[in-house]
Amino acid sequence: MIQHETPIQESDLHPDPILEFGKWFQFARDSGLATPDGMTLATAAKDGRPSARIVLLKDFDARGFVFYTHYESRKGLELQANPWAALVFHWDPLKRQVRIEGRVQKAPRAESQQYFNLRPFESRLAAWASQQSDEIPGRQVLEDRVTELRTEYPGDEEVPVPPFWGGYRVVPDRMEFWASRPNRLHDRFCYSRAETGGWRIVRLSP
Ligand SMILES: Cc1cc2nc3c(=O)[nH]c(=O)nc-3n(C[C@H](O)[C@H](O)[C@H](O)COP(=O)(O)O)c2cc1C
């Protein structure tokens, strides 16, 4: 079991970084953090200008790390133009950080619909109502749109997933695990995908 400020040895690491992430994420969840699934998502426009924001990790497995969003938001447009993304988790009380880099793929529609159905009714309407990242003249625009949607969907019935909304899966080709150690001599381990398949693991200077 992972404990606070436990030194990390090469021999402690799982050869698969997604399984190693699973241990760290479980530790973060078990530690009672308010938002262990909050992660910074960095994207970059085609001209190289970066942008970053927090999104929530909704799923992860051997295929990658999934978040849900509006496909025509700023991040969505940037990912359309340049599919490379980076994720950062910072679990401050645990003094740990995980960085993930890779290309994104859109999640299959069925997967997005399945997740969308789990969201509360009001959140499903909000996804329809918000043209995320667009300028709006005032909050009333959103309230009016939700009122209209309530007429369209009067009960807590199935609301279709909006065509402009869904999941992205970040398929990692590089992952880094950072753990604080005294006197800033922290532990850092980087996994990168080897050309032969599998992962190459190296220790990085802090
Ligand atoms: C704790 C937290 C969780 C968030 N989760 C999401 C999320 O899962 N998906 C999302 O699209 N935006 C999420 N947001 C809002 C984003 O940070 C951001 O404001 C929004 O996606 C628009 O970003 P963009 O204009 O760069 O596309 C979250 C914000 C916070 C503070």
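As the structure lists them, so they are numbered: ligands from 1, and atoms in each ligand from 1.
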So that I know where these two stand, are Y71 and Y168 an aromatic pair - ring centroids less than 6.0 Å apart?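 Yes, ring centres under 6.0 Å apart.
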
Ring centres under 6.0 angstrom apart (F89, W178):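 No, ring centres 6.0 Å or more apart.
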
Hydrophobic cluster of L19, others only, ordered by chain and residue number, side-chain cut-off 4.5 Å: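 Other cluster members: none.
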
Cluster partners of V202, using ILVMFWY side-chain heavy atoms under 4.5 angstrom, listed by chain and number?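 V202 clusters with L204.
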
Consider only side-chain N and O atoms of T43 and R53, and report whether a donor and an acceptor are under 3.5 Å apart.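 R53 and T43 do have a side-chain donor-acceptor pair below 3.5 Å.
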
Per-ligand residue contacts, ligand 1, heavy-atom threshold under 4.0 Å: R53, I54, V55, L56, Y68, T69, S73, R74, K75, Q132, S133

With Y68 via ring pair (Phe, Tyr, Trp, His ring centres under 6.0 Å) - residues at least two apart: Y115, W165

